[in-house]
Amino acid sequence: MTHLRSLTLNENAQPVCELPVLTGSTGPNVIDVQALYKDTGLFTYDPGFNSTASCRSTITFIDGEKGILLYRGYPIEQLAEQCNFLEVCYLILNGELPDAPQLSSFEHNITMHTMVHDQLTNFFKGFRRDAHPMAIMVGVVGALSAFYHDALDIRSKKDREMCAIRLIAKVPTIVAMCHKYSTGMPFMYPQNKLSYVENFLRMMHATPCDDYTASPVLVRALDRILILHADHEQNASTSTVRLAGSSGANPFACITAGIACLWGAAHGGANEAVLNMLEKIGDVSHIPEYINKAKDKNDPFRLMGFGHRVYKNHDPRAKLMRTTCYEVLDELGLHDNKLFELALELERIALEDDYFIEKKLYPNVDFYSGIVLHALGIPTNMFTAMFAMGRTVGWIAHWDEMIADPEQKIGRPRQLYTGAVQRDVPAGHKKTV
Ligand code: SDX
């Protein structure tokens with residue numbers, strides 16, 4: 001690894017530009033190219049931003065080679081074991097774990113904002129009952145930007161904190177409403193006496209005729225799943241939220257942009273795609289056929305839940321998710337869960353295959369999450385909405401960090417233009433209007 005202090009660009013052996021190298025608290029150093037175009041007339045070129053740092057951040061650190069994930073410096077394994085989701089939300093938003101009074105006040109604020117404006121229920125009526133829940137989420141969370149005019153001054157830290165509370169509190173209610181709407185069942189109101197996850201599971205599974213109390217094991221499992229999804233540095237949806245926020249857009253609209261981006265099968269839509277893939281494979285005897293399809297350059301099929309832009313080692317979240325899988329299936333007495341057996345065998349075979357070894361393709365967070373969510377009674381098409389529920393706090397924290405960043409300016413990438421150079425409309429061309 002080269003340890004540069006600066007990079008000098010030469011042309012005909014003459015220095016044309018010296019670029020400083022910036023050092024963070026850990027992880028790769030960066031070459032600051034802000035002066036590159038001004039000094040050389042050159043752009044950098046990096047489709048997919050594989051080698052591009054878009055910002056400074058103090059929230060999450062990933063070491064993809066070592067399979068390390070830290071939220072504000074704390075390893076995900078310790079947070080998943082020793083904290084609950086709202087503690088992790090507080091940590092991600094504020095930089096430190098809460099003490100007891102801080103946690104109690106944060107939990108109270110969230111609880112007091114779990115209800116949504118009653119007029120918001122009207123937005124559901126415009127959707128078909130079989131609309132994909134992510135389509136409804138984009139519509140209804142986006143509609144939140146038409147409310148709450150009392151706290152939308154993005155320059156005000158207090159208003160930004162209020163937006164964070166409202167989104168973290170209301171997204172589970174909206175996710176549960178998406179489910180109820182698809183079943184034709186009435187919406188269930190949140191109950192202030194319940195914890196965050198108990199409340200969500202009750203809104204998902206209770207009816208006006210029958211209450212629902214989730215077992216502590218299932219509540220703990222879902223709480224851990226939300227922790228594992230809470231943040232992941234500059235992933236596609238978080239970068240979308242930052243870019244939307246850089247124009248000064250309404251924060252609820254920015255989070256909606258993140259939801260839209262998360263929906264893609266290459267990103268948060270993978271958990272739903274994994275379960276559909278496992279059901280399509282159907283039996284361990286079919287695994288070799290699908291492994292070969294995944295390896296075939298001419299076949300668009302990819303092994304969903306495998307591979308990652310950053311992790312070139314195990315995704316630490318996948319290991320924790322697999323453990324959670326065992327716990328939930330054990331609690332529910334689903335020991336001979338075919339999908340889980342299939343997933344374990346698929347993982348074993350893939351990890352022994354040279355193609356996956358050579359390309360460093362390991363199971364990611366989405367590989368096992370679908371099986372756990374399925375066991376928790378969450379419909380497959382709701383999986384990505386669950387991912388959004390966990391990631392809302394990460395999106396908000398990055399949006400807040402971007403707004404408060406003194407270096408922040410509107411995001412406006414450049415391009416390598418390969419289209420037609422200037423030319424004239426043919427003299428004989430007649431206007432047709
Ligand atoms: C998430 O960024 C984040 O942090 C995301 C996330 C988060 O928490 O926010 O971690 C959540 O999105 C996890 C990823 C979920 N997506 C999937 O599981 C979909 C399946 N995986 C792939 O589509 C893929 O691995 C990506 C999109 C995740 C990563 O793609 P990259 O980094 O652009 O890698 P690539 O597509 O260039 O693949 C490198 C090589 C290619 O082969 P070559 O062109 O070099 O010959 O590996 C191959 C790919 O064909 N490859 C796969 C594969 N993933 C990559 N081949 C088969 N099956 C796969 N799953």
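In this chain, residues are counted from 1 in sequence order. Order of appearance sets the numbers: ligands from 1, and atoms from 1 within every ligand. This structure is a prediction, so every number in the text was calculated from the model and none was measured.
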- Does Glu107 offer a backbone N or O that forms a donor-acceptor pair with the side chain of Thr111 under 3.5 Å? yes
- Please lay out, stage by stage, how Leu222 and Met386 fare under the test side-chain contact (heavy atoms from CB on, under 4.5 Å). CA-CA 10 Å; Leu222 183 51; Met386 299 296 294; 3.6 Å; yes
- Query: Has the side chain of His314 got a donor or acceptor atom that lies under 3.5 Å from a matching backbone atom of Lys319?
  - Reply: no
- Do the rings of Phe147 and Phe123 sit parallel, tilted or perpendicular, given the 30° and 60° boundaries? perpendicular
- Query: Would you say atom 50 (O) of ligand 1 touches the protein, meaning some protein heavy atom is under 4.0 Å from it?
  - Reply: yes
- Query: How far is atom 47 (O) of ligand 1 from its nearest protein heavy atom, and which residue and atom name does that atom have?
  - Reply: Lys359 CD, 3.6 Å
- From CA spacing to verdict: side-chain contact (heavy atoms from CB on, under 4.5 Å), Phe124, Ile136: CA-CA 7 Å; Phe124 284 83; Ile136 301 177; 3.6 Å; yes
- If you compare Arg317, Met277, His229 by their heavy atoms, the one closest to atom 8 (O) of ligand 1 turns out to be Arg317
- Message: I need the nearest protein heavy-atom contact for atom 42 (O) of ligand 1: residue, atom name and distance, please.
- Response: Lys297 NZ, 3.5 Å
- Message: Are Tyr181 and Phe127 an aromatic pair, judged by ring center distance below 6.0 Å?
- Response: no
- Query: At a non-hydrogen distance cut-off of under 4.0 Å, which region of Arg309 contacts ligand 1 (side chain, backbone, both, or neither)?
  - Reply: both
- Query: What is the nearest protein non-hydrogen atom to atom 16 (N) of ligand 1, stated with its residue, atom name and distance?
  - Reply: Ala266 O, 2.9 Å
- Message: What protein heavy atom lies closest to atom 4 (O) of ligand 1? Include the residue and the distance to one decimal.
- Response: His232 ND1, 2.6 Å
- atom 57 (C) of ligand 1 has as its nearest protein heavy atom Ala294 O, 3.6 Å
- Scan the protein's non-hydrogen atoms and note whether one is under 4.0 Å from atom 59 (C) of ligand 1. yes
- Item | Within reach of ligand 1, part of Lys295 (heavy-atom separation under 4.0 Å) | neither
- Query: Would you say Phe367 touches ligand 1, if touching means a heavy atom closer than 4.0 Å?
  - Reply: no
- Donor-acceptor side-chain pairing of Glu272 and His132 below 3.5 angstrom: yes
- Query: Is ligand 1 under 4.0 Å from a heavy atom in the side chain of His308, in the backbone, in both, or in neither?
  - Reply: both
- Whether Asn94 side chain and Glu96 backbone form a donor-acceptor pair below 3.5 Å: no
- Taking the side chain from Thr384 and the backbone from Trp263, do they hold a donor-acceptor pair closer than 3.5 Å? no
- For residues Tyr362 and Phe367, establish whether the separation of their ring centroids is below 6.0 Å. no
- Counting both backbone and side chain atoms, is some N or O of Phe306 under 3.5 Å from an N or O of ligand 1? yes
- Task: Give yes if a backbone or side-chain nitrogen or oxygen of Gly305 is under 3.5 Å from a nitrogen or oxygen of ligand 1, and no if not.
- Result: yes
- Message: Suppose we measure from atom 24 (C) of ligand 1 to each protein heavy atom; which comes out shortest, and what is that distance?
- Response: Arg302 NH1, 3.6 Å
- Item | ligand 1 contact by Ala265, heavy-atom criterion under 4.0 angstrom | yes
- Message: Quick check on contacts: which atoms of ligand 1 are under 4.0 angstrom from a heavy atom of Ala270?
- Response: 15 (C), 16 (N), 17 (C), 18 (O)
- Message: Is Gln234 close enough to touch ligand 1? Criterion: a residue heavy atom under 4.0 Å from a ligand atom.
- Response: no
- Task: Using only heavy-atom distances, determine whether the side chains of Thr213 and Arg202 contain a donor-acceptor pair under 3.5 Å.
- Result: no
- Item | atom 15 (C) of ligand 1: nearest protein contact (heavy atom, Å) | Asp366 OD2, 3.2 Å
- No-hydrogen, no-angle side-chain donor-acceptor test under 3.5 Å, Ser57 and Glu233: no
- Message: Classify the ring geometry of His232 against Tyr311: parallel below 30°, tilted from 30° to 60°, perpendicular beyond 60°.
- Response: tilted
- Heavy atoms of the protein only: does one fall short of 4.0 Å from atom 2 (O) of ligand 1? yes
- Task: Kindly say whether Phe252 contributes a backbone atom to a donor-acceptor pair with the side chain of Thr256 at under 3.5 angstrom?
- Result: yes
- Any Asn364 heavy atom less than 4.0 Å from ligand 1: yes
- Query: So which protein heavy atom does atom 9 (O) of ligand 1 come closest to, and at what separation?
  - Reply: Arg391 NH1, 2.8 Å
- Between Leu361 and ligand 1, does any nitrogen or oxygen pair lie at a separation below 3.5 Å? no
